[in-house]
Number of protein chains: 2
Amino acid sequence: METNTIVENSRTQMRRGVLEYSILLVLRSGDEYASSIIQKLKDVDIIVVEGTLYPLLIRLKNLGLLSYRWEESPQGPPRKYYMITDKGKQQLEELDSTWQELVRSIDSIRSGAQMQIAAAENNQ
Amino acid sequence: METNTIVENSRTQMRRGVLEYSILLVLRSGDEYASSIIQKLKDVDIIVVEGTLYPLLIRLKNLGLLSYRWEESPQGPPRKYYMITDKGKQQLEELDSTWQELVRSIDSIRSGAQMQIAAAENNQ
DNA sequence: TTTTAATACCTTGTGTCGCAAAGTACTGAA
DNA sequence: TTCAGTACTTTGCGACACAAGGTATTAAAA
């Protein structure tokens, strides 16, 4: 269990890295309020908690990537539905590229051999 | 340029998330010293600097995932070559799975539609 | 009518960690 | 014996995720 902590820790780190990206991706498919975002991410094993999400949503809103509207709930207090702005969509596209590049980067380190080629090309 | 900072920031976050994993991957292909690790990661566009790497290597060594040996340099002071331990290899395998799961998770949010299925399955 | 339970949003404090910057040390050539 | 190059290390700061606790709304139960 001491051993597991190392991997668990690194797993958490990885998830953190894609948090903003994940949220934008979820909102690209439709407007959501905080709890439903948490649920959707949980469904794909990306764990986020309230204390993380709320400040993040506010940050993204202040950056102009998101906006929100209030909407009545069938039960309980009103919900704050977040939606992605045009600016948000544009940034999301860039993050998409970034993500794909990262996947490619990891792939090439994983298969070790290619690295010498890349290194040779860059070192000239 | 204000706009770029958002993406740049998120890009950095993503890279951070895979730092430990990347280092273990590099060392799986062979022993390396700090500067050469930095170079190899730079070759695949994963930027790491000394102030980040040294503490990280020490942390991984203290966790028993890495060990090192000193080796003469053809020029300059001796180099600390890090190598991955058996424990490190075992943990790396788990990180490999973690990474693949993350890639799958992101893929499924990206294609939005699948999410309702997953949600329906989990909510019963 | 007031208590409880459920839902939802928000804030504070703490710990971790990446990174810029500055420092130490070894080597060999000028 | 100074300088330049290489390599390892440490310190201080800032950002951020997250646990924990807090506020507000609603409706049903007591």
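This one's a predicted model, so the numbers in the text were calculated from it and none came from an experiment. In what follows, every chain begins at residue 1, and chains take the letters A, B, ... in the order their sequences are listed.
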Quickly work out the [X] [atom1] to [N] [atom2] distance and round it to whole Å.
X	N	atom1	atom2	result
I37(A)	dC10(C)	CD1	P	12 Å
R11(A)	dA17(D)	CZ	C1'	17 Å
E72(A)	dA27(D)	CD	P	9 Å

Just list the side-chain donor-acceptor pairs under 3.5 Å for residues 49-63 of chain A, sequence neighbours left out, or say none.
| residue | atom | partner | partner atom | Å |
| --- | --- | --- | --- | --- |
| R59(A) | NH2 | E20(A) | OE2 | 3.4 |
| N62(A) | ND2 | I58(A) | O | 3.3 |

Contact list (N/O, under 3.5 angstrom) for nucleotides 11-16 of chain D vs protein:
| residue | atom | partner | partner atom | Å |
| --- | --- | --- | --- | --- |
| dC16(D) | OP1 | N9(B) | ND2 | 3.3 |

[atom1]-[atom2] distance between [X] and [Y], expressed to the nearest 0.5 angstrom:
X	Y	atom1	atom2	value
R104(A)	I109(A)	CZ	CD1	13.5 Å
R11(B)	L95(A)	CZ	CG	8.0 Å
E101(B)	I46(A)	CD	CD1	11.0 Å

Below 4.5 Å, heavy atoms only, C-beta onward: do M83(B) and L27(B) meet side chain to side chain?
no

Under 4.5 Å between any side-chain heavy atoms of T12(A) and I47(A), yes or no?
no

Given Y33(A), which partner from the list E71(A), R79(A), K80(A), R69(A) fulfils the side-chain hydrogen bond (donor to acceptor under 3.5 Å, both in side chains) test?
R79(A)

Please tabulate, one pair per line, each protein N/O and nucleotide N/O from nucleotides 4-7 of chain D that are separated by under 3.5 Å, including the distance.
| residue | atom | partner | partner atom | Å |
| --- | --- | --- | --- | --- |
| dA7(D) | OP1 | Y33(B) | OH | 2.9 |
| dA7(D) | OP1 | R79(B) | NE | 2.7 |
| dA7(D) | OP1 | R79(B) | NH2 | 2.6 |

Could you tell me whether Y68(A) and Y81(A) have their ring centroids closer than 6.0 angstrom?
no

Please compare V49(A) and P74(A) by the position of their nearest nucleotide in DNA chain D and report the one closer to 5'.
V49(A)

